[in-house]
Peer 1: 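I'd like to ask you about the structure that follows.
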Protein chains: 2
Amino acid sequence: MTPATTAAAGRPAPRGRIDKRQAILDAAFAVFARRGYAQACVQEIAEEAGVAKPTVYNHLSDKENLFRHAVVAAADLVMAENLAVVERLRDPGDDLRAGLEDVGYRLLKVCCGQRASALRALTYAQLATFPDLAEVVQGRTAGRLGEALADRFARLALAGRLRAADPARAAEQFLALLTGPMEARSRLGTRAVSAAETREVAGAAVDTFLYAYGAMDQGPPASHCDPVATRAAVIGSSAVMSSSSSAGDNAS
Amino acid sequence: MTPATTAAAGRPAPRGRIDKRQAILDAAFAVFARRGYAQACVQEIAEEAGVAKPTVYNHLSDKENLFRHAVVAAADLVMAENLAVVERLRDPGDDLRAGLEDVGYRLLKVCCGQRASALRALTYAQLATFPDLAEVVQGRTAGRLGEALADRFARLALAGRLRAADPARAAEQFLALLTGPMEARSRLGTRAVSAAETREVAGAAVDTFLYAYGAMDQGPPASHCDPVATRAAVIGSSAVMSSSSSAGDNAS
DNA sequence: ATTACTTTGAACTCATGGGTTCAAGTTGGG
DNA sequence: CCCAACTTGAACCCATGAGTTCAAAGTAAT
């Protein structure tokens, strides 16, 4: 279905009418992501798509249009991945904490992946030029994701596995607890974050989330009951002014 | 040393050597914020600063340099505001929840203000072109802010007003609970969020935060104990698929 | 007033790149 | 075989804007 998804392979271009359009959109997103909107030139996009410049203008009238379509397409791709992950909460195992940590970890992997990072950067970058794009992208990603999560949380609450509370708020905060710390640690997506650290962030998010939204029957998380960890935290707190960073000290 | 920190006032330009430099930096940030890096032209910045174009190049060698200095200056301004807010936690009143809500609300006002939004947008926008800028800005804003918050939380924990836990993690999550939902609701800063909604976000963040990090002595928040509110949330959860938004239902 | 320095405006150079044009193919269907 | 539609490459037009040059003028301190 997408024979040119790889794009810009050595082939000098198999003339004819294949999926030029799709190839162009893929190449466009790649180039925009790499260079930014203003610095990306249509010529380069055409080359990366294995297509001539006029062909680009033939399919997508101008640069702005090209950009919008490429961004929306990428947003839909990211969203599909995220929704697939959230579906896993439809039947969490006996261990809700483990299930949430798994979902959290997978969401983080998607949200900090190449596509999602580039998408966020591009959207932010063009806030000044195309303010409406923020709404479109947000509506196709965060919005739907929040709704899907809220759906799952609502069912879990009815099943007595989460406290009865506004599921929309729970979803909103669950996502915030995941992505907020990740954004900081990945320096807005410029630094790679190890799987271990990602897992740690997910674990911390789920801990806090379950404190607030967990049903009564599940005790506090193991890491918080561990007297050693707790002691260390308290000791560390008095020395926090002198130490520059406390990340990566010890995982759960 | 900085007599013209106010800068760029309406004055049609009192010829001579005042603090052209500061005026230029202020104007630069304003124009960059309004147009984005690539679309901002030095000519316009010069005009806005009430200065001739060569003067700009005289003080700051080229456009990139101008941008970097302007962004860093703005970051420091935002940071100063944030630190001042966090200082209020040095002596919270008897009501810790109220104190945290107050600080949360004020932090949100700063982080969603004109400068902070523009700063975030500009930083994201130039990730592709100046990847190192992310680190610099992050280090001057989120980094310091997190440390300052962690300091306050550490003291509160020692005083027995928060649970003994890693203060850095608590700070990280407190900020995430505040800014995450706000970013979504303000559409990345493109939409104005009412004071009431901002307060609601702060309240929700503090609720969740205290569930996870509060000392035992403070019961769950009033809004969560209110049987009416709880019932409403449960009822709402079964209808969550049909209703589009649950924002603005009821504040604390 | 003289000197040393900065600012100014305006014109200029030059590179980049969006978008178009066009003649010469290439493709596929009838 | 031929026509219509599409693609191609290459050249082209033109707007924008970074960065420079320079002579004239303002400013400050001596």
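Per chain, numbering begins at 1; letters A, B, ... match sequence-line order. Just so it is clear, the model here is predicted, and its values are computed rather than measured.
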Peer 1: Would Glu183(A) and Arg120(B) pass as an ion pair if we require N to O under 4.0 Å?
Peer 2: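 Here Glu183(A) does not pair with Arg120(B) in a salt bridge, since their nearest N and O are not under 4.0 Å apart.
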Peer 1: Does Lys63(B) reach the main-chain N or O of Ala40(B) with its side chain, forming a donor-acceptor pair under 3.5 Å?
Peer 2: yes
Peer 1: Tell me whether the count of non-hydrogen atoms from other residues, nucleotides or ligands lying under 6.0 Å of CZ in Arg144(B) goes above 12.
Peer 2: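 Counting neighbours around CZ of Arg144(B), 12 or fewer heavy atoms of other residues, nucleotides or ligands fall under 6.0 Å, so no.
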Peer 1: Looking at the side chain of Val51(A), which of dG17(C), dA18(D), dT8(D) is the nearest nucleotide?
Peer 2: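 Taking heavy atoms from C-beta onward, the closest nucleotide is dT8(D).
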Peer 1: Would you mind reading off the distance between Glu47(A) atom CD and dG17(C) atom P, rounded to a whole angstrom?
Peer 2: 12 Å
Peer 1: Name the nucleic acid region contacted by Ala40(A), choosing base, sugar-phosphate or nothing; use a 4.0 angstrom heavy-atom cut-off, strictly under.
Peer 2: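 Sugar-phosphate: the residue Ala40(A), judged by heavy atoms under 4.0 Å, touches backbone atoms but no base.
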Peer 1: Over how many whole Å does the gap from Gln43(B) atom CD to dC12(C) atom P extend?
Peer 2: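 Between P of dC12(C) and CD of Gln43(B): 16 Å.
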Peer 1: From CZ of Arg35(B) over to P of dG17(D), roughly how many Å is that when rounded to an integer?
Peer 2: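 Spelled out: CZ on Arg35(B) to P on dG17(D) is 9 Å.
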Peer 1: The side chain of Lys63(B) is closest to which nucleotide in this list: dT7(D), dG9(C), dG19(D)?
Peer 2: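 Of dT7(D), dG9(C), dG19(D), dG19(D) is nearest to the side chain of Lys63(B).
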Peer 1: Just to confirm, is there a sub-4.0 Å distance from OP1 or OP2 of dT7(C) to any side-chain nitrogen or oxygen of His59(B)?
Peer 2: yes
Peer 1: Using only side-chain N and O atoms of Lys20(B), determine if any of them is under 4.0 Å from OP1 or OP2 of dT8(C).
Peer 2: yes
Peer 1: Rounded to whole angstrom units, what separation is found between the CD atom of Gln39(A) and the P atom of dT16(D)?
Peer 2: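 Taking CD of Gln39(A) and P of dT16(D), I get 18 Å after rounding.
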Peer 1: Taking 4.0 Å as the cut-off, does a side-chain nitrogen or oxygen of Asn58(B) come that near to OP1 or OP2 on dT7(C)?
Peer 2: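 For dT7(C), OP1/OP2 do have a side-chain N/O of Asn58(B) under 4.0 Å.
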Peer 1: Find the distance Phe32(A):CZ to dG18(C):P and express it as a whole number of Å.
Peer 2: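 About 8 Å, once rounded to whole Å.
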Peer 1: What orientation do Phe32(A) and Tyr37(A) show, parallel under 30°, tilted 30 to 60°, or perpendicular over 60°?
Peer 2: parallel
Peer 1: Between Pro54(B) and Lys53(A), which is nearer to the 5' end of DNA chain D once each is assigned its nearest nucleotide?
Peer 2: Lys53(A)
Peer 1: Provide, to the nearest angstrom, the distance between the CD atom belonging to Glu64(A) and the C1' atom belonging to dG17(C).
Peer 2: 17 Å
Peer 1: List the residues meeting side-chain hydrogen bond (donor to acceptor under 3.5 Å, both in side chains) with Glu81(A), not counting sequence neighbours, and say none if there are none.
Peer 2: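 If we apply the side-chain hydrogen bond (donor to acceptor under 3.5 Å, both in side chains) test to Glu81(A), skipping adjacent residues, the hits are Arg115(A).
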Peer 1: Round to the nearest Å and state the distance from Asp62(B) atom CG to dA15(C) atom C1'.
Peer 2: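 Atom-to-atom, Asp62(B) to dA15(C), this comes out as 16 Å.
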Peer 1: What is the distance, rounded to the nearest whole Å, between atom OH of Tyr57(B) and atom P of dG17(D)?
Peer 2: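 Going from OH in Tyr57(B) over to P in dG17(D) covers 12 Å.
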Peer 1: Under 4.0 Å from OP1 or OP2 of dT8(C): is there any side-chain N or O of Thr55(B) that close?
Peer 2: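 Yes, such a contact exists.
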